[in-house]
Every structure is written in structure tokens, then in C-alpha cells.
**Q** 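Below you will find the structure I want to go over with you.
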Amino acid sequence: MAQSIMAGLKSTLLRLSQHRQRQLLVISASHLDLELLPRLQQSLRRMGKVEQLDVLLQARGGEVNATRRIALLLRRYCQTLTFIVPYHCQSAATLLTLAGDEIIAGDLALFSPIDPLLHGSGPEGAPQAMSCQDIRRFGALCQDWFGQDQQQAQQQALSLLCQSIFPPTLTAFYRSTQELQDIGEQLLTFQLPAIASAQRHALVQTLMFGYHSHDYTLTAEELLALGLKVSRDDEIEAQAWEASLALQALVGGAARSAENDWQDAMIATPEYCWLRIRSADMARQGQWREEVWQ
């Protein structure tokens, strides 16, 4: 079954690359992380520096600094970078697309806000991850729901937060939020080099703080309305969706079982692919396997 899916994926990638008349690379991952960089660089070196590069991207999120390094590495090997997004492209993956000259997004493309999350192990029933917005908006909650004036609400919010979150942890979270703002603006310079820095700052601010939920699903049209270079192409979208269906079956949750090893990342071209294999219990580091398609 897996072999037939792989064969179908190869055929789809080849057709898409031929239709676009440019090099094509696939990045599909449950989590964008620094472990992807060596295999990504190896693939880009095989390809060589090119004028135009398409990246078919499917990922649900990841590490902000890993995303930045992936973006900078891709830009090092091409003059024009296009992200093709058929489906999942949330959080850090949305951040990654800011580095593209263009984003081609299908009907089901799922983007999301890029606000950072604070992960931790709270009491049973407590959320294991909080968005920076969950913290920033606590004062507004005290003001709107409980009628406190603005100064009182801010003081109360700060006091309660410091009781619940170790202050240096809160400071570190603030720093990571500032870092994400800077990284977003840096990557957006590739896509929107001509606009004023204040406009880039405002656009990233919207992506970080303009929505009520980290899980809010942004459409291609909503990104276009923000000023990003998003386009539609029916033929490309149809082929990209075929590739997405194969990737959903091969990489990530759908390919995972409680007993067997599973694949949590793929870096591919129409000629070969790298697959990262994880143990079912995640007890060992991922192992990479290369497959050359015949």
C-alpha cells in the first residue's frame, strides 16, 4: 500500500514540476525543527542553486528558530521562492511562507496566527500550552468581565500572573514574543521588500495578535487581504492536492500507530525522498532513510 502511494506521489511531483518548469521540493513534517536542516541542505546541494524554486509545504507548526533557519537556507539556493500550500500550513509553517516571493494556496489551505506558545505541565485539566495572547489579554478580561478600571485590572492581572507563572519564565516568554516579531519582519522582507518597515511591523503584529485564538484558521483570501502575495491557480492546486493526500497517508498522525514506527517528516523531490522514522513511543531520536524513486 505504501509503495503504491509513494509511486503516486512521485508521479504527481513530476507532473507538477514539469507544468511549472522549475525545481520542486517537498517539505512535509509534523513539526518543523532543526533536525530537518542537514537533510534539507543535502537536497538543496544536489539540486544546486537555481533561479526559481517551488516548495510544496505541509506542516502543522514547529520551532520558530528552526523555521527561520529553514527559510534562510531555502533563500540561499534560489532567487525566486514560491510556496505551494494545499492543506495544513499552521503556526510556524505560516511564518515560513512569509519568506516566499509568492504563496499559491488551495481551497483547503489552512494558515493560522503565529503567536508563540508557552508550554508547560500544569495541574490536571489545565492547558498544557498557552498563547501569548492568553497572558496579554488577562487584564482586558478583568476589566470587561469583572468591571475593574484599567489600572486596577492591570495591577490585578500582573499580581495573579506572577503567582501562577514563575516571573523569569514570564520574562522569557516576553523575550520569545519579541524575537518572533523580529523574525517575522526579517522573513517578510523577502516577500515585501518595497513596503515601509512600519508596514511590515504592523502586518506581523496582526498575524501575532489580531485573532482571538492560536487555532483560528486563516484562508488564502484573508492572507491576501492582509497584503501578502497570495495567488490561486486551479491546475497547480489540483496537482498539489493529489500530493497532499499522499503526504497525509505517509507522514504524521494518519501514518502513526501505537505499536509500529511511523514517519513524521519527509523532504522530497521528483527523483528521491528522505523520510524520518520515529519509534511508536518516541523513545529514540528520529532516523532518516533515503528512497530513490525509479
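Residue numbers start at 1 and run along the sequence shown. In this text the structure is predicted, and so the values were computed from the model without any measurement.
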**Q** What heavy-atom pair brings R278 and G286 nearest, and what distance separates the two atoms?
**A**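 Closest approach of R278 to G286: NH1-N, 3.1 Å.
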**Q** How far does CD of Q23 sit from CD of Q52, to the nearest 0.5 angstrom?
**A**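 If we round to the nearest 0.5 Å, Q23:CD and Q52:CD are 10.5 Å apart.
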**Q** Tell me, which pairs form a ring pair (Phe, Tyr, Trp, His ring centres under 6.0 Å) where one or both residues lie in residues 58-112, sequence neighbours left out?
**A**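 The answer is Y87-W241.
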**Q** Give a yes or no answer on whether the side chain of Q90 reaches the backbone of S112 with a donor-acceptor pair at less than 3.5 Å.
**A**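 Side chain of Q90 to backbone of S112, a donor-acceptor pair under 3.5 Å: no, none is there.
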**Q** Can you tell which of R75, Q191, K229 makes a side chain to side chain donor-acceptor pair (under 3.5 Å) with D101?
**A**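 It is R75; the other options fail the test.
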**Q** Mark yes or no for whether H201, through its side chain, and E185, through its backbone, hold a donor-acceptor pair below 3.5 Å.
**A**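 Checking the backbone N and O of E185 against the side chain of H201, no donor-acceptor pair under 3.5 Å is found.
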**Q** Any chance you could measure T219, atom OG1, to D107, atom CG, to the nearest 0.5 Å?
**A**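 The CG atom of D107 is 10.0 Å from OG1 of T219, to the nearest 0.5 Å.
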**Q** Please determine if R15 and E235 form a salt bridge, counting it only when a charged side-chain N lies under 4.0 Å from a carboxylate O.
**A**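 Salt bridge: no.
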**Q** Is R22 reaching over with its side chain to a backbone N or O of D54, donor-acceptor style, under 3.5 angstrom?
**A**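 A pair under 3.5 Å: no.
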**Q** Between R46 and E271, does the salt bridge (charged side-chain N to carboxylate O under 4.0 Å, His left out) criterion hold? Intermediate values first, please.
**A** CA-CA 11 Å; R46 286 185 186 179; E271 290 78 36; over 6 Å; no
**Q** With sequence neighbours excluded, what pairs up with F190 under the ring pair (Phe, Tyr, Trp, His ring centres under 6.0 Å) test?
**A**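 With neighbours one apart ignored, the set is empty.
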**Q** Shortest non-hydrogen contact from A105 to V230?
**A**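 It is CB-CG1, 4.2 Å.
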**Q** On a heavy-atom basis, which atom in R276 and which in H31 lie closest, and how many Å separate them?
**A**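 What the structure gives for the nearest pair is NH2-O, 3.9 Å.
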**Q** So, are R20 and D233 salt-bridged, with charged N and O less than 4.0 Å apart?
**A**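 No.
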**Q** Give a yes or no answer on whether the side chain of Q58 reaches the backbone of P86 with a donor-acceptor pair at less than 3.5 Å.
**A**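 Answer holds: no.
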**Q** I104 and I236: which non-hydrogen atoms are nearest, and at how many Å?
**A**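 Scanning both residues completely, I find the closest heavy atoms to be CD1-CD1, 3.9 Å.
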**Q** Do side-chain atoms of T12 reach the backbone of G8 as a donor and acceptor pair under 3.5 angstrom?
**A**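 Answer holds: yes.
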**Q** In Å, rounded to the nearest 0.5 Å, how long is the span from CG of L95 to CD1 of I70?
**A**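 Separation between the atoms: 10.0 Å.
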**Q** Between L13 and A243, which heavy-atom pair has the shortest distance, and what is it?
**A**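 Closest pair (atom of L13, atom of A243, distance): CD2-CB, 4.3 Å.
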**Q** Show the nearest heavy-atom pair for residues I27 and L74, with the distance to one decimal.
**A**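 Nearest pair, atom of I27 first, then L74: CD1-CD1, 4.3 Å.
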**Q** Under a 3.5 Å distance rule, please check whether S28 uses its side chain to pair with a backbone N or O of I267 as donor and acceptor.
**A**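 A pair under 3.5 Å: no.
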